[in-house]
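Before any comments, here is the structure.
Keep in mind the model is a prediction, meaning the values are calculated, not measured. Side-chain atoms are counted along with the backbone in the values below, which use heavy atoms only and exclude waters and symmetry mates. First the proteins, then the strands, lettered A, B, ... as listed; each starts at 1.
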Amino acid sequence: MDSFSNFLFMRSEVSLLVVILALLVFDLTAGKRGMRYFQPIAIILLAIHTILHLLPHEAGIAFGGMYTYTPMAGVVKTILNIATLIIFLQAEAFNSERMSNKKGEYYFLTLVTLLGFYFMISSGHFLLFYIGLEMASIPIATLAAMEKQSKRSAEAGAKYILMAAFSSGIMLFGISYLYGTTGTLYFADMPALISANTLQIMAFVFFIAGMFFKISLVPFHLWTPDVYEGAPTNVTSYLSVVSKGAAVFALALLLYRVFSNIIEQWQSILYGLIIISITLANLFAIRQKNIKRFLAFSSISQAGYIVLGIIGGTPFGMTTLVYYIFVYLFSNLAAFGVITIIENRTGKVNIPDYKGLYSTNPRLSFVMMLSMFSLGGIPPFAGFFSKFFIFAAAMEQGFYILVLIAVINTIISLYYYLLVVKAMFIDKNEHPIPSLRTDSYNKASLIFCTAGILLVGIFSIFMEKIELFSFAMIQ
Amino acid sequence: MGELIVNTSGGAPIPLTAYLIVSLIMFFAGIYGFFTRKNLILILISIELILNSVDINFAAFNRYLFPDRMEGLFYALFVIAISACETAVAIAIVINVYRKFGNTEVDNIQQMKN
């Protein structure tokens with residue numbers, strides 16, 4: 001392939017880059033009046049990009065193996081696109097007086113982050129992987145620190161950037177030893193040269209520890225609650241869905257493709273980490289009063305469930321992982337959508353403030369309830385099916401005790417998810433949150449999430465499509 | 001690993017392990033600094049130590065073990081460039097923290113507690 005067709009092969013990246021540049025030019029040229037249309041224009045451009053991305057594209061490699069495209073990566077990119085689209089629909093905070101001068105930066109930086117995740121998912125070489133990772137994590141730090149009036153936002157940004165730099169330092173140290181022991185950095189060449197010697201296992205542990213920081217599994221989770229609480233809510237939802245989903249998928253790809261020879265070692269690492277992540281995060285989530293902090297701990301425990309899909313090391317495990325991310329997107333973004341609406345209009349972020357929400361805002365509390373049920377895994381909703389498949393994938397490989405612990409933890413998690421529902425529906429409150437009006441963007445995002453929660457589980461077409469691609473990927 | 005020792009200057013040869021030990025010491029000094037320093041700038045310097053130890057590793061591995069390909073050296077170059085970006089953004093955020101809190105001591109930057 002000549003270099004031009006190489007570039008054309010990276011079709012999804014190029015089209016996203018076009019969207020980014022178009023928004024940048026619009027940001028520079030539009031005056032004060034034009035900026036009012038920034039949100040719809042960003043949404044329309046991203047929607048066009050998402051639809052273009054759905055066109056079929058054959059698998060292959062470009063730039064001598066640096067960049068790989070698999071249909072599974074295409075599916076994950078579509079999922080990330082949908083999540084970003086919903087987050088843009090909820091971005092009304094950046095229309096307010098306080099934040100409107102940062103509107104351009106917000107959309108621009110978010111899309112650059114998305115581009116970084118694209119490269120990370122499609123990389124075939126550790127260099128592109130690292131560049132993608134940094135391209136994603138540096139803008140997230142600036143997004144977290146974007147609310148310049150707020151002390152908490154500044155603190156969240158500082159914590160995120162220091163954590164990101166530290167974890168990528170540890171990861172790079174692992175990569176450097178992998179390079180030293182194998183002599184290559186291509187994902188395709190490395191598996192044959194990995195032979196479970198001590199130095200390679202040490203390198204692998206450093207590498208995977210860096211990745212766990214990004215996914216925020218216990219004991220690498222200490223930054224998560226503070227960053228989630230301090231960052232603007234819109235950024236928090238981006239962090240919890242897109243960032244986590246992309247990082248988990250990239251980790252799964254590496255474990256399957258590069259580290260398949262040392263599967264026993266990484267299975268035992270994951271085994272321990274899954275148990276402590278799910279259990280500890282659940283126990284901490286019960287104590288939280290701030291709902292963003294609460295969802296931070298909930299997302300740590302959900303990350304434990306997601307990783308449960310990888311542990312089997314089978315294509316079916318990969319299918320369930322992607323399906324889980326897909327369902328988790330709708331459930332989590334529904335919750336964050338409601339939180340954003342309430343926070344923007346009343347400034348209230350604590351769970352006790354939600355008492356009596358049903359009496360004044362029945363629709364919002366209904367969406368919140370669906371989301372909590374789906375996150376907790378109550379049967380007719382999508383969250384149940386995703387958990388069920390994850391457990392099935394782990395059971396298939398004989399992880400009975402692990403699945404038992406995970407199931408017990410599901411019940412604990414149900415307790416704290418239902419605490420929120422109880423506060424909204426049953427608890428009495430003298431001064432509940434007043435009846436709130438929502439704009440059409442927020443309404444659209446909530447309707448979209450609700451449809452996702454209700455339909456993705458019941459209609460098997462999503463699971464079947466993902467499964468089709470995952471088997472193609474492994475071979 | 002006797003055959004891997006490269007002697008270019010005519011003096012006593014430096015084995016690969018010497019480079020690796022230096023980088024290992026730098027790496028753990030960086031980690032130690034990251035956990036013990038109480039000032040954001042000093043924490044950043046500790047992170048730089050970690051990233052520079054990685055550069056030494058890549059350069060040494062490439063020169064000694066795989067001198068026919070330049071992969072490691074290029075990786076080191078990219079790490080240097082990207083860590084510079086990271087530090088620039090981190091400094092900007094630290095300045096923002098300084099404006100908000102009046103200093104950059106970690107103990108004072110605790111708005112959020114559970």
Apply ring-ring contact (aromatic ring centres under 6.0 Å, His included) to residues A:Tyr130 and B:Phe78 and explain how you reach the verdict. CA-CA 9 Å; A:Tyr130 172 62; B:Phe78 273 91; 8.9 Å; no

Who wins among [options] for the most heavy-atom pairs under 4.5 Å with chain B?
options                                : answer
A:Met135, A:Lys289, A:Lys148           : A:Lys148
A:Ile138, A:Ile161, A:Leu127           : A:Leu127
A:Gly230, A:Ser150, A:Pro225, A:Gly183 : A:Gly183

Donor-acceptor contacts under 3.5 Å from residues 163-175 of chain A side chains, at least two apart:
unit_1, atom_1, unit_2, atom_2, d
A:Ser167, OG, A:Met163, O, 3.1
A:Ser167, OG, A:Ala164, O, 3.1
A:Ser167, OG, A:Lys214, NZ, 3.4
A:Ser168, OG, A:Glu134, OE2, 2.9
A:Ser168, OG, A:Ala164, O, 3.0
A:Ser168, OG, A:Ala165, O, 3.2

Contacting moiety of A:Thr184, where chain B heavy atoms sit under 4.5 Å: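 Its backbone and side chain both get close to chain B.
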
Report which part of [X] has an atom under 4.5 Å of a heavy atom belonging to chain A: side chain, backbone, both, or neither.
X        : value
B:Ile109 : both
B:Val106 : neither
B:Asp55  : neither
B:Phe34  : side chain
B:Phe35  : side chain

Shorter than 4.5 Å, heavy atoms on both sides: which option in [options] has the most such pairs with chain A?
options                            : result
B:Ile31, B:Val94, B:Ile47, B:Val97 : B:Ile47
B:Leu51, B:Thr87, B:Asn96          : B:Asn96
B:Leu40, B:Asn62, B:Ile43, B:Leu44 : B:Asn62

Check for me whether the distance between the ring centres of B:Phe66 and A:Tyr179 falls short of 6.0 Å.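 Yes, the ring centres sit under 6.0 Å apart.
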
Would you say the ring centroid of A:Tyr186 lies under 6.0 angstrom from that of A:Phe126?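 No, they do not, as the ring centres are separated by 6.0 Å or more.
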
Backbone of A:Leu193 reached by a side-chain donor or acceptor of A:Gln200 within 3.5 Å: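 Looks like yes, one N/O pair under 3.5 Å.
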
